[in-house]
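Side chains are part of it too, since the values below use all heavy atoms of this structure and drop only hydrogens, waters and symmetry mates. Throughout, residue positions are numbered sequentially from 1 according to the sequence presented.
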Amino acid sequence: RAATFTLTGQIELSDVTYLATDASDVACGGGMLRKTRNGFTFIPGTKFISDLPPHLQGLLSAVRESTAIEWILHSLAHRLGQRVVAFTDSKCVCNAILRGSRAPDLQVVVRCIFVWCLQRGLTLFPCWVPRDSTIISEADARSRIIDTQDQRTPPKVFARADELGRLYFGRSISFDRQASHLNAMPPPGMGPRLPFNSLYWQPG
């Protein structure tokens, strides 16, 4: 059965391991959680980060999200209890783990999860939580730390801008997107959110 409690709810089960995962376009991340009075926090030393191979990067988000769950189970296998609660922001993944999926790529992954848990006598409870929850936000940040191929502006664009600036205005042109992942919002009253485009957690 699906675990339908909230982050601040009580789970009357012993030997429970809590995990949270998320997947970006190029990687997945997450970790093991400790239950606190106010919810959950990540346990130090259980950080999970793994890049996705190219053949997974173009697939549906549900495939990447379920792969994140599969891989974190493998990476923390020696620390898991008999019951595992896996928090994810994908309802599709929760349903697929519980009932299977008609999407072939997704079904392959959730079947691997099922067989792996069955062989080890584990019971997996997939649990949906909102994307803006603290633990999913942290898992998302971890999934974006790998930044090996950020799409920066090619140098030839700057060179061409300099040519056009000298041709039409008699001087070089400089331009700046005026934003990063840290300062996309301008000061109050100074206009809308500044343009900032990147697939990755911390662009160069």
(message) Walk me through whether V84 and T123 qualify under side chain to side chain contact (heavy atoms under 4.5 Å, CB included).
(response) CA-CA 6 Å; V84 180; T123 303; over 6 Å; no
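- In this structure, I72 is a member of the same hydrophobic cluster as I43, with clusters built from ILVMFWY side-chain heavy atoms closer than 4.5 Å.
- The cationic atom of R142 (NZ for Lys, CZ for Arg) lies less than 6.0 Å from the six-membered ring centre of F42 and within 45° of the ring axis.
- Contact detail for A20 and I135: the closest heavy-atom pair is CB-CD1, 4.1 Å.
- Separating the OG atom in S75 from the CD atom in E70 is a distance of 11.0 Å, to the nearest 0.5 Å.
- Contact record, L124 with C117: CB-SG, 4.2 Å, taken as the closest heavy-atom pair.
- The heavy-atom pair separating G30 from A139 by the smallest distance is CA-CB, 4.0 Å.
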Donor-acceptor pairs under 3.5 angstrom involving side-chain atoms of residues 94-111: please list them, not counting sequence neighbours.
from: N95; atom 1: OD1; to: R99; atom 2: NH1; distance (Å): 3.0
from: N95; atom 1: ND2; to: K91; atom 2: O; distance (Å): 3.3
from: S101; atom 1: OG; to: A103; atom 2: N; distance (Å): 3.0
from: Q107; atom 1: OE1; to: S101; atom 2: N; distance (Å): 2.7

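- Rounded to the nearest 0.5 angstrom, L80 CG and H78 NE2 are separated by 8.5 Å.
- Under the side chain to side chain contact (heavy atoms under 4.5 Å, CB included) criterion, R120 pairs with W116, L122, not counting sequence neighbours.
- Under the 4.5 Å side-chain criterion, counting only non-hydrogen atoms from C-beta, M32 is not in contact with F48.
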(request) List the steps, then state whether side chain to side chain contact (heavy atoms under 4.5 Å, CB included) holds for D25 with R64. (result) CA-CA 8 Å; D25 292 327; R64 291 182 276 113; 3.9 Å; yes
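- Annotation: the span from T17 atom OG1 to Q82 atom CD amounts to 9.0 Å, rounded to 0.5 Å.
- From D22, atom CG reaches atom OG of S90 across 9.5 Å, with rounding to the nearest 0.5 Å.
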(message) Test side chain to side chain contact (heavy atoms under 4.5 Å, CB included) on K35 and T41; report intermediate values, then the result.
(response) CA-CA 7 Å; K35 187 165 64 170; T41 59; over 6 Å; no
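- Distance check, rounded to the nearest 0.5 Å: CD1 of I136 to OG1 of T88 gives 6.0 Å.
- Both L164 and F169 belong to a single network of hydrophobic side chains, linked directly or stepwise wherever heavy atoms of I, L, V, M, F, W or Y lie under 4.5 Å apart.
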(request) Give the C-alpha distance, both sets of side-chain angles, the deciding distance and a yes or no for side chain to side chain contact (heavy atoms under 4.5 Å, CB included) between C28 and W71. (result) CA-CA 9 Å; C28 52; W71 288 0; 3.8 Å; yes
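- Proximity of V85 to R83: side-chain heavy atoms (C-beta onward) are nowhere separated by under 4.5 Å.
- Here the CD1-CG distance, from I69 to L19, works out to 9.0 Å after rounding to the nearest 0.5 Å.
- Remark: of the listed residues T134, V129, L33, L33 is the sole one forming a side chain to side chain contact (heavy atoms under 4.5 Å, CB included) with F40.
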